[in-house]
Amino acid sequence: MAPSTPPASRRTFLALLGLAGPAWASSALAAQQVSVRSGSLGALTRTVTLKGVLDHPQGITASPDGATWFVTSVLREAKQGLLVAFRASDGAVIQRMEVQDGPRYHPGGLGRLGDALWLPVAEYRRSSTSVVQCRDAGTLAERSRFAVADHIGAVAVTSGALIGCNWDARLFYEWTFDGTQSRVVEHDGSARYQDLHWTPEGLLAAGLIGDQGVVDLLEWPTLDLRERTVVGRTDRGVVLTAEGMAVAGEDLLLMPEDDPTRVFVHRWTGAPVPEPAPSRPNEPEKSLFRRPVP
């Protein structure tokens, strides 16, 4: 029998004490769905095929004007990680940069704040190690990095903090921009999130429950499920939320397929996503959220 779900006060911050482990309670999904809004996927407005070899794309985000898409991908045979800038209008390659770091060649879902891109690059295995890199959106050159003793699969960027999740999204982390860990939250839901995006309403997370695709709106830092949108498959039979997801202005970008990779642009039906102002470089970074008292 699956273990019972621990009380919220314990399950949410137990990881801060180093005592948390995965919760596989079969009732977790049903419990989450109490009073959850049912969202709808907006109309498909266009489909763009990305040029060049990507092999196995992971994450996507966009420039402030939506004209450029930044995509992470792993070249599995070559054991290389890629960060590629594409022209959103036709999928043409603008710039391409390798981002691997020794045994870490698996980049994940990425986020952007101002002219900075934040992406994790991990070993290609569960419970491994990662570096979270900050890269210039104009040149793709690395600005800074910090190490994480876990496989980080996706990162979302708020105006004052980074939020990331590990393999299968069993744990969520919060860091300041200098890499100081300020929070760890255990996720006891059934969804295996593949990409994250921060919105004014909360944390948008896209992934899989079994073979079903979902886009979930989560409250941070409780991870309470507020809205769930169930999605379908592409004409190649791939679940739409199998990999990358981002919001760009009035568009929801979904990038589920390996080569040839296509981006499915749907109308974004959520709240408008304003462009947050980056923190000033000479100011110390602070968490948006107070550290809980055990």
Exercise for review: Give the ring-plane orientation class for Phe146 versus Trp118, where under 30° counts as parallel, over 60° as perpendicular and anything between as tilted.
Suggested key: tilted

Distance in Å, [X] [atom1] paired with [Y] [atom2], rounded so as to fall on 0.5 Å steps:
{"X": "Asp55", "Y": "Arg76", "atom1": "CG", "atom2": "CZ", "result": "4.0 Å"}
{"X": "Thr229", "Y": "Arg37", "atom1": "OG1", "atom2": "CZ", "result": "9.0 Å"}
{"X": "Trp175", "Y": "Leu162", "atom1": "CH2", "atom2": "CG", "result": "7.0 Å"}
{"X": "Ile163", "Y": "His197", "atom1": "CD1", "atom2": "NE2", "result": "11.5 Å"}
{"X": "Ser127", "Y": "Asp150", "atom1": "OG", "atom2": "CG", "result": "6.0 Å"}
{"X": "Trp268", "Y": "Leu41", "atom1": "CH2", "atom2": "CG", "result": "10.0 Å"}

Check whether any side-chain heavy atom of [X] sits under 4.5 Å from a side-chain heavy atom of [Y], and report yes or no.
{"X": "Ser144", "Y": "Phe177", "value": "no"}
{"X": "His266", "Y": "Val231", "value": "no"}
{"X": "Arg112", "Y": "Pro64", "value": "yes"}
{"X": "Arg126", "Y": "Asp168", "value": "yes"}
{"X": "Thr61", "Y": "Val157", "value": "no"}
{"X": "Cys134", "Y": "Arg143", "value": "yes"}
{"X": "Tyr124", "Y": "Lys79", "value": "no"}
{"X": "Trp198", "Y": "Leu203", "value": "yes"}

Check your understanding: Would one find more than 12 heavy atoms of other residues, nucleotides or ligands at under 6.0 Å from atom CD of Glu250?
Key -> no

Point to revise | Candidates Ile60, Leu240, Leu204 - the one meeting side-chain contact (heavy atoms from CB on, under 4.5 Å) with Met245 | key: Leu204

Would you say [X] and [Y] are hydrophobically clustered, going by side-chain heavy atoms of ILVMFWY under 4.5 Å?
{"X": "Leu50", "Y": "Val84", "value": "yes"}
{"X": "Leu113", "Y": "Tyr173", "value": "yes"}
{"X": "Leu140", "Y": "Val131", "value": "yes"}
{"X": "Ile94", "Y": "Val48", "value": "no"}
{"X": "Leu253", "Y": "Leu82", "value": "yes"}

Would you say the side-chain atoms of [X] pair up with the backbone N or O of [Y], donor to acceptor, closer than 3.5 Å?
{"X": "Asp136", "Y": "Gly138", "answer": "yes"}
{"X": "Lys51", "Y": "Asp90", "answer": "yes"}
{"X": "Asp115", "Y": "Ala137", "answer": "no"}
{"X": "His151", "Y": "Ala122", "answer": "no"}
{"X": "Asp216", "Y": "Leu218", "answer": "no"}
{"X": "Gln100", "Y": "Gly81", "answer": "yes"}
{"X": "Thr45", "Y": "Val265", "answer": "yes"}
{"X": "Glu201", "Y": "Gly270", "answer": "no"}
{"X": "Thr72", "Y": "Gly109", "answer": "no"}
{"X": "Gln95", "Y": "Thr139", "answer": "yes"}

Review point. How far apart are the C-alpha atoms of Val132 and Leu119, what are their side-chain angles, what is the distance that settles it, and do they pass the side chain to side chain contact (heavy atoms under 4.5 Å, CB included) test?
Key: CA-CA 6 Å; Val132 176; Leu119 58 146; over 6 Å; no

To check you understand the geometry: which heavy-atom pair defines the closest contact between [X] and [Y], and what is its length?
{"X": "Thr68", "Y": "Ala85", "answer": "CG2-CB, 4.1 Å"}
{"X": "Arg135", "Y": "Leu83", "answer": "CD-CD2, 3.7 Å"}
{"X": "Ser63", "Y": "Phe70", "answer": "N-CE1, 3.9 Å"}
{"X": "Tyr193", "Y": "Arg228", "answer": "OH-NH2, 4.2 Å"}
{"X": "Thr241", "Y": "Val214", "answer": "OG1-N, 3.3 Å"}
{"X": "Trp220", "Y": "Arg183", "answer": "CZ2-CD, 3.8 Å"}

Exercise for review: In sequence, state the C-alpha distance, the side-chain angles, and the governing distance for Leu171 and Glu186, and then conclude on side chain to side chain contact (heavy atoms under 4.5 Å, CB included).
Suggested key: CA-CA 5 Å; Leu171 292 175; Glu186 183 180 349; 4.1 Å; yes

Point to revise | His56-Asp258 side chain donor-acceptor pair, cut-off 3.5 Å | key: yes

Check your understanding: Do the charged groups of Arg236 and Glu257 touch, with an N to O distance under 4.0 Å?
Key -> yes

Exercise for review: Applying side chain to side chain contact (heavy atoms under 4.5 Å, CB included), run through Phe86 and Val93 and close with a yes or a no.
Suggested key: CA-CA 5 Å; Phe86 291 94; Val93 174; 3.6 Å; yes

Point to revise | side chain to side chain contact (heavy atoms under 4.5 Å, CB included) assessment of Thr234 paired with Leu254 | key: CA-CA 10 Å; Thr234 73; Leu254 298 175; over 6 Å; no

